[in-house]
Each structure stands twice: as structure tokens, then as C-alpha cells.
Amino acid sequence: MTSINRDVIVIGAGPSGLSAAHHLTEAGLSVAVFEARDRVGGRTWTDTIDGAMLEIGGQWVSPDQSALYEMLDVLGLQTYPRHRDGSSVYVTPTGERIIYDGNDFPASGRTVAEMNRLVGIIDDLVAEIGAEEPWAHPRAAELDTISFRRWLEDLTDDVEAIDNISLFVAGGMLTKPAHAFSTLQAVLMAASAGSFSNLVDEDFILDRRVVGGMQQVSERLAERLGDHVFLNAPARSVRRHPDGGVTVHADGGLECHARRVVLAVPPNLYPRISFDPPLPRRQHQMHQHMSLGLVIKVHAVYETPFWREDGLSGTGFSGSELVQEVYDNTNHGDERGTLVGFVSDQKADAMFALPADERRAAILASIARFLGPKATEPVVYYESDWGSEEWTRGAYAASFDLGGLHRYGKDQRTPVGPIHFSCSDIAAEGYQHVDGAIRMGRRTATAILDDLAVTSPPVG
Ligand code: FDA
């Protein structure tokens, strides 16, 4: 048994937990971080597979993500732009491949007009409702009790426009079918990126990458924390004491007594930890209404970025294809070419029902419908499968089921006694993104510092 005392114990060494730990340490508090995995970074994970450096988890940075940019500066990390020179490809619902330039899908004039109209309506809602407290808006209940798909269907009968608009929030972000989440949830997703127009603009939302990989954010934060980060230490219980403190037990006979605890894991994993006394009824209920989506992030590496020779950027979209989005994901300074594609929600279910070789063939055939037959012959092929990761269980992040956001949202960030919650899944700005994880880390650290400053000075 190893027993330690700290001001704050942080559970989870993803970007949120580590940035909370960083701010608390900078302010002079003593901190320990318990991490379940044998690595830090959580849903960011930069690894080398068959000789290719791959971003298995989160990777892109958009211009509005100022908290992440500040952290990259502090840690001495550089960014580089995603390759985007050349034309894009759109595959129509009938399977026609259309090469186009600019941001408008090359759909019929009517469909493009309908899409622009819908984007305008959602942008107006986003501007009015915002990301901080969407549940507080007078129309919250109305917008939270209709599915995004149904709401779009009430606005237009253009199915192609509906599929394309859905793609950006459903398959592209929440990774759930558009019938499974509310319009308010879609508004939150867009508001967290500034506007729906930003969300649908891949030049904005997928703007830059971190040289050397996004996981370095967590690795460098963990380096600073040194031996205060404990790996292979899944927290199993949080016991609250009458004096207001807590004891956290983790595997490996680890025990930490602390004044506050930061639960920096996605909400779907809260029930994996025993709380004594139990969390309040409302938290138990709320957490059951928050779930992660499902997406397969597919990496295919080629000897050369062959699509560039055909004048293509590597970008492809289709609301009806198996792989609904594909991008050039070639690493900084790499001669080989890398494509990344995404297979979401029910399409991912169908793929996981297949043997691995059939799944690979189906996915590569879909990418080939955007970029040509050479796409079927990568030298490295890898599928990020976060749904089977014990300490994540889905991707990219959590969202409420229909009606959950206006019902529970206001309590998702509220501490329970000494227990604080911090993760990208409950962020406002940067929701579901590394930026939101870092914002939540900073916000949680500030709340703890305010709280402890009034009760007593830091120990140690
Ligand atoms: P995160 O899940 O990262 O960290 C939580 C940590 O807690 C993990 O390390 C976990 O092991 C640990 N843990 C869980 N239970 C525990 C327990 N009981 N005890 C101890 N430790 C425990 N974002 C972005 O900005 N740009 C992008 O391009 C993408 N793309 C993307 C692709 C894919 C495939 C994924 C999966 C995710 C993204 N994201 C993204 C999202 C981004 O990666 C995500 O929002 C952040 O990593 C969330 O950080 P958190 O620290 O909140 O949780």
C-alpha cells in the first residue's frame, strides 16, 4: 500500500486532468494524478504503426481554439496547416463522383440554396443561444425535445440537403445518427465552434495540426508534473469524509488523501468508480443520459500522396457514402501520403459486424470512390477503434440523449462537495475538443483555488 497526501487528487491524465493539475501546481497546491492507462493523453494518442506516425485520437486545431493555442505556446509546441491545395470530391446519393472547388457542395442549385438557408437558420439560433448555458434559453425545451433530423425535415423536403447538413453534426461531430440527439444539442455543438458556418467549413474546423502529434500536449504537461503522475492506476473509489476531504483508492495499492478531487474522465465512465457516500440521485440520473458516439477513424498511408498528382486535395464528402468524409492527413515533412477517413454511428456498427479483412476492403473501396482505385492499396492501414478501449468506450465525446440537455445540462459542471468534474464532454467553448478539455481544466482549477482560498491555505 502506498498512501500519499495532496491538496488535490486528479483522476484521469487526459488533456483536461493534466491542465487542471498544471494550473493547480502553478498556484502552489500539491497535486497527484491517477491515470488508468499505461500512458497519458486519453483520447489523444500519437503512435507509430508499421512505421507510420498516426494520430489515433484527437489532432486538429481550429483558429478559435485559443485555450489550446495558449497551451501549445506554454509547452513550446508548433502547428502546421493541413494540406488542402487542389479540388475536392463530392459523391452524390446516386454514386456520381463530382470534382469541385470552393465550399459549396456541387449539388443542384435547389439543394445548395436549401443548405444555405438551413445553415442561416442554425447560425441565427447559435448566435442567440450560445454555448455556455443552452438549457437556459426560452426555446430550450422546444428545441431539446425534437430530434435534429425531424427538425430539419420540418424545414425542408430536400433529402440531400438534410443528409448533407446532418453529416456535419451527426456523423461528423456527435457521431450519432441525427434521429438520436436534439436540435438543442446540435446548436450547442455548433455554438462551441462559434457558428454552424464554422462547423461546416473544413478549412476552419480542420485547420492545423501539432508538429509531432497532439498527445505531446499531455506528455509535456505530465513531464512537468514528474512523479506526481501515477500510470496504471485506475481509480476505483472516492470516499468523502465529514471534514470535507476525500480518499481515492486506485489499483496497485495506491491511496491518496486530498482536500478536493477532480474527476477528469468522460461522463460515461463515472459509474466505473464507487462513491461513498453515493453521488446524489440527480447526478446518477444525469450521467445515464450522457453517452459517447461511435466512429472509426481510418488511416491509410501510401508511398506518395497520389491524389495530388490528379489535382485533388484529398478532401471528399458524401452524406450517402460509407466513408462520409476523407482528408489528406500527411504528416509534417513526410514524403509518404496519408489519408484519414471516418465511418460513423450505424455505418460503424455495420462495419464492426464484418471480419477485419472485409471491413478493410469495404472502407478502402469507399475511399476509392472519392480518390480513385490507388486508394485500395495502402502500405499501412489502421482503424482507430475507441469503442473497444476500456478507459474511453466510444468517440469522439459524450452528448445527451433526446431531452437530456435542457433537463440536466445546468448541473453537469456543478461540483458535488469536494468532487469537481472536468472533461471536454461538459465544456461550452471547445465542447468535444482538446480546446474544451483544456478550458475545463483551467475552469476547474480556478473553482478549486477560489474554494480553497476561502476555506484554508494550501498544504505542503
Ligand atoms: P480524455 O478521455 O482524453 O482523458 C481522460 C483520461 O482519464 C484518460 O486518459 C483515461 O484513461 C483516464 N481514466 C478514465 N477512467 C479512469 C479511472 N477510473 N481512473 C484513472 N484514470 C481514468 N479533438 C480535437 O480537438 N480535434 C480533433 O481532431 C479530434 N479528433 C478526435 C478523434 C478521435 C478518434 C477521438 C477519440 C477524439 C477526437 N477529439 C478531437 C476529441 C479529443 O481527443 C477529446 O475531446 C479530448 O481528448 C478529451 O480530453 P479529456 O481530458 O476531457 O478526456
Does the pair [X]/[Y] count as a salt bridge with the N-to-O cut at 4.0 Å?
X    : Y    : answer
D163 : R149 : yes
E223 : R220 : no
D203 : R84  : yes
R407 : D144 : no
R260 : D7   : no
R443 : E132 : yes
R282 : D411 : yes
R224 : E26  : no
E133 : K410 : no

Could you check if a side-chain atom of [X] sits within less than 4.5 angstrom of a side-chain atom of [Y], using non-hydrogen atoms only?
X    : Y    : value
D328 : W307 : yes
L54  : T48  : no
I56  : W386 : yes
S147 : F181 : no
L231 : R39  : no
V229 : V40  : yes
N116 : D104 : yes
V261 : H420 : no

> Counting only N and O atoms by type, is there a donor-acceptor contact under 3.5 Å from the side chain of T338 to the main-chain atoms of T330?
Replying inline: no

Least distance between heavy atoms, [X] atom then [Y] atom:
X    : Y    : value
S192 : A428 : CB-O, 3.1 Å
I438 : A67  : CG2-O, 3.9 Å
M440 : C423 : CG-O, 3.2 Å

Please table the atom pairs, donor to acceptor, closer than 3.5 Å between any side-chain atom in residues 394-401 and protein atoms at least two apart or in another chain.
unit_1: S399; atom_1: OG; unit_2: K176; atom_2: NZ; d: 2.9
unit_1: D401; atom_1: OD1; unit_2: H289; atom_2: ND1; d: 3.2
unit_1: D401; atom_1: OD2; unit_2: H289; atom_2: ND1; d: 3.0

> Quick one: which of H433, M71, R439 gives a side chain to side chain contact (heavy atoms under 4.5 Å, CB included) with Q65?
Replying inline: H433

>> Looking at W45, I'd like to know if the NZ or CZ of R37 sits under 6.0 Å from its six-membered ring centre while staying within 45 degrees of the ring's axis.
In response: no

> If you draw the axis of the six-membered ring of W60, does the NZ or CZ of R209 fall within 45° of it and under 6.0 Å from the ring centre?
Replying inline: no

>> Centre-to-centre under 6.0 Å for Y90 and F105, is that the case here?
In response: yes

> When the aromatic ring centroids of F421 and Y270 are compared, is their separation below 6.0 Å?
Replying inline: yes

>> Taking CD in Q78 as the centre, count heavy atoms belonging to other residues, nucleotides or ligands within less than 6.0 Å. Is the count above 12?
In response: no

>> Does E335, at its CD atom, have more than 12 non-hydrogen atoms belonging to other residues, nucleotides or ligands within less than 6.0 Å?
In response: no

> When you check the side-chain N and O atoms of R139 and T183, is any donor under 3.5 Å from an acceptor?
Replying inline: no

>> Walk me through whether V262 and V8 qualify under side chain to side chain contact (heavy atoms under 4.5 Å, CB included).
In response: CA-CA 7 Å; V262 178; V8 182; 3.9 Å; yes

>> Under the criterion side chain to side chain donor-acceptor pair (under 3.5 Å), I'd like the reasoning laid out for D207 against S62: C-alpha separation, chi angles, the key distance, then a yes or no.
In response: CA-CA 5 Å; D207 183 27; S62 59; over 6 Å; no

Kindly write out the residues that satisfy side chain to side chain contact (heavy atoms under 4.5 Å, CB included) with [X], not counting sequence neighbours, or none if the list is empty.
X    : value
D310 : L312
L155 : L118, I121, W151
T94  : T92, E96
R336 : A52, V301, E303, D334, V379, V380

Please enumerate all residues that pass salt bridge (Lys or Arg N to Asp or Glu O under 4.0 Å) together with [X], with sequence neighbours excluded.
X    : result
R110 : D157, D158
R442 : E70
E383 : R359
D349 : none

>> Could you work out, with side-chain hydrogen bond (donor to acceptor under 3.5 Å, both in side chains) as the rule, every residue matching S320, not counting sequence neighbours?
In response: S318

>> Just to verify, what does S313 make a side-chain hydrogen bond (donor to acceptor under 3.5 Å, both in side chains) with, not counting sequence neighbours?
In response: T315

> Given T46, which of Q59, E55, E219, Q216 fulfils the side chain to side chain donor-acceptor pair (under 3.5 Å) condition?
Replying inline: E55

> Could you walk me through whether K297 and D385 pass the salt bridge (charged side-chain N to carboxylate O under 4.0 Å, His left out) check?
Replying inline: CA-CA 7 Å; K297 181 177 183 181; D385 173 15; over 6 Å; no

> Can you list the steps and then say if S366 with E321 is a side chain to side chain donor-acceptor pair (under 3.5 Å)?
Replying inline: CA-CA 7 Å; S366 178; E321 262 299 331; 2.6 Å; yes

Quick check for you: to the nearest 0.5 Å, what is the distance between [X] atom [atom1] and [Y] atom [atom2]?
X    : Y    : atom1 : atom2 : result
T156 : M115 : OG1   : CE    : 11.0 Å
Y431 : M189 : OH    : CE    : 6.5 Å
I448 : L29  : CD1   : CG    : 8.5 Å
L206 : E325 : CG    : CD    : 7.0 Å

> Does the pair D47 and Q215 meet the rule for a side chain to side chain contact (heavy atoms under 4.5 Å, CB included), with working shown?
Replying inline: CA-CA 9 Å; D47 204 0; Q215 192 187 357; over 6 Å; no

> Is there a side chain to side chain contact (heavy atoms under 4.5 Å, CB included) between V33 and H228 once you walk through the steps?
Replying inline: CA-CA 6 Å; V33 183; H228 298 295; 6.0 Å; no

>> Taking salt bridge (Lys or Arg N to Asp or Glu O under 4.0 Å) as the cut-off, I'd like each qualifying pair that reaches into residues 415-427, sequence neighbours left out, listed once.
In response: R43-D425

